[in-house]
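These notes are about the structure you will find just below.
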Amino acid sequence: MNAQSIRLQKRQPHWPRKIGRALLILVAVSFLAVFLVLPLSVVFVEAFRQGMHVYLSSINQPEALSAIRLTLLVAVIAVPLNIVFGVAAAWAMARFEFRGKALLGAFIDLPFSISPVISGLVYVLLFGAQGWFGPWLDAHNVKIIFAVPGLVLATIFITLPFVARELIPLMQAQGSDEEEAARVLGAGGWQMFFRVTLPNIRWALLYGVLLSNARAMGEFGAVSVVSGHIRGLTTTMPLEVEMRYNEYDYVGAFAIASLLALLALLTLAIKTLLEWHYGDEIATHAPGSH
């Protein structure tokens, strides 16, 4: 066998690999174009179909402004509470061994496996007029269902896993050596958390917050069940989109939907900028880098 035939044999396997790579890239790009880019483009095209004046007029309506304020209010309440829970749950799961640890992990993942509509229905069964605590709440004039507290509870349930699931694998991979060293040097619990633990988990925590916030503002199913669709009082932006669409106000529906899409794109842009500016530091604190 001469040298030329040997070189040909070495070159041949590269062509199937290149073709396979090109096909995989083409399939991925096509899938994203059809199922992500195209629908997202349609939202903005329909929102601006009748011009900027009609678009701004649809957003400036009192019902739309109320939906925007309520969406932001629910997110402002739910996300910080999930931060507290997520950090506490991650610390417990990563640093301690206790009975029921696996069960706690299963409960954290529960909102991923339960339909949001079912989670909203659970709160109705608990706090609704005919629910377990409904008569007592009604007697004390406490409104949960068909009011802001119900929206907050449903949103917390739906967004509960995001922060915890970002932190748990990172904290387990990092171990507790640095925290134990800080404790040996005399650091108190809060000092250890703010000077050692928090700096090591801040990027994963930020990712969890971004994901939780995006889901909180875009949640529909659970919020729809507990809201009662009281326009101007309990309708968030996704619910306002549905109501306008059902009323054949397509431009108004797509106008509100475009705001939700812009919020999602803003979340993605912030995440991308953080990775671009602080990529090395993020990689340093990623699992497996220690």
Side-chain angles (χ1 to χ4, degrees), residues 31-32 35-37 39-40 43 68 70-94 104-120 151-174 197-224 236-239 241 257-279 281-289:
F31 189 91
L32 289 175
F35 293 101
L36 182 62
V37 177
L40 192 61
V43 170
I68 294 171
L70 182 58
T71 301
L72 295 176
L73 174 64
V74 170
V76 166
I77 297 173
V79 173
L81 291 175
N82 274 334
I83 292 174
V84 175
F85 168 79
V87 172
W91 201 333
M93 293 286 291
L104 175 60
F107 277 134
I108 292 173
D109 291 334
L110 193 61
F112 284 145
S113 57
I114 290 183
S115 168
V117 174
I118 295 177
S119 64
L151 303 179
V152 173
L153 286 174
T155 303
I156 289 174
F157 183 91
I158 292 301
T159 58
L160 181 143
F162 289 99
V163 174
R165 277 305 165 198
E166 286 290 327
L167 295 181
I168 289 173
L170 175 64
M171 295 181 70
Q172 288 176 335
Q174 288 178 342
T197 305
L198 187 59
N200 286 338
I201 66 172
R202 64 181 181 273
W203 298 117
L205 177 60
L206 182 57
Y207 284 172
V209 170
L210 290 174
L211 293 173
S212 180
N213 185 67
R215 181 63 187 274
M217 291 189 294
E219 174 54 31
F220 176 82
V223 169
S224 178
T236 59
M237 293 170 68
L239 300 183
V241 171
S258 70
L259 292 181
L260 286 170
L262 286 174
L263 289 172
L265 292 174
L266 178 61
T267 300
L268 179 62
I270 293 174
K271 179 178 179 292
T272 303
L273 285 174
L274 288 172
E275 290 177 340
W276 181 45
H277 283 288
Y278 304 102
E281 190 172 353
I282 292 172
T284 301
H285 293 92
S289 62

What one should report as the nearest heavy-atom pair of Gly221 and Val117 is CA-CG2, 4.2 Å
d(Ile201 CD1, Glu166 CD) to nearest 0.5 Å is 11.5 Å
Open item on the list: Donor-acceptor pair, distance only, cut-off 3.5 Å: does the side chain of Thr71 make one with the backbone of Met237?
Closed with: yes
Rounded to the nearest 0.5 angstrom, the CG-CG distance for Leu268 and Leu263 is 12.5 Å
Between Val163 and Asn82 the two heavy atoms that sit nearest each other are CB-O, 3.9 Å
Any heavy-atom pair between the side chains of Ile108 and Ile168 that's under 4.5 Å?
yes
Checking Val76, Ile77, Leu73 against Val152 for side-chain contact (heavy atoms from CB on, under 4.5 Å), the one that qualifies is Ile77
Is the closest side-chain heavy-atom distance between Val223 and Leu239 below 4.5 Å?
yes
Rounded to the nearest 0.5 angstrom, the CG-CD1 distance for Leu151 and Ile156 is 11.0 Å
- Item | Leu160 and Phe85, any side-chain heavy atoms less than 4.5 Å apart | yes
Query raised in the report: Taking the side chain as C-beta and beyond, is there a heavy-atom pair between Ser119 and Glu219 under 4.5 Å?
Result: no
Do Leu167 and Met93 have side-chain heavy atoms sitting under 4.5 Å apart? no
Got Arg215 and Thr155 here, is their nearest side-chain heavy-atom distance under 4.5 Å?
no
Ala75 and Met217 have their tightest heavy-atom pair at CB-CG, 3.9 Å
Looking only at heavy atoms, the pair that brings Ala90 and Ala164 closest together is CB-O, 4.4 Å
With the side chain counted from C-beta on, respond yes when Val84 and Leu81 share a heavy-atom pair under 4.5 Å apart, and no when they do not. no
For Phe112 and Arg165 the tightest heavy-atom approach is CE1-CG, 4.2 Å
Of all heavy-atom pairs linking Thr159 and Ala216, the shortest is CG2-N, 3.7 Å
Next item on the list: Would you check if the side chain of Ser212 reaches a backbone N or O of Val209 as a donor-acceptor pair within less than 3.5 Å?
Entry: no
Here the gap from Ile270 atom CD1 to Leu265 atom CG, rounded to the nearest 0.5 Å, amounts to 11.5 Å
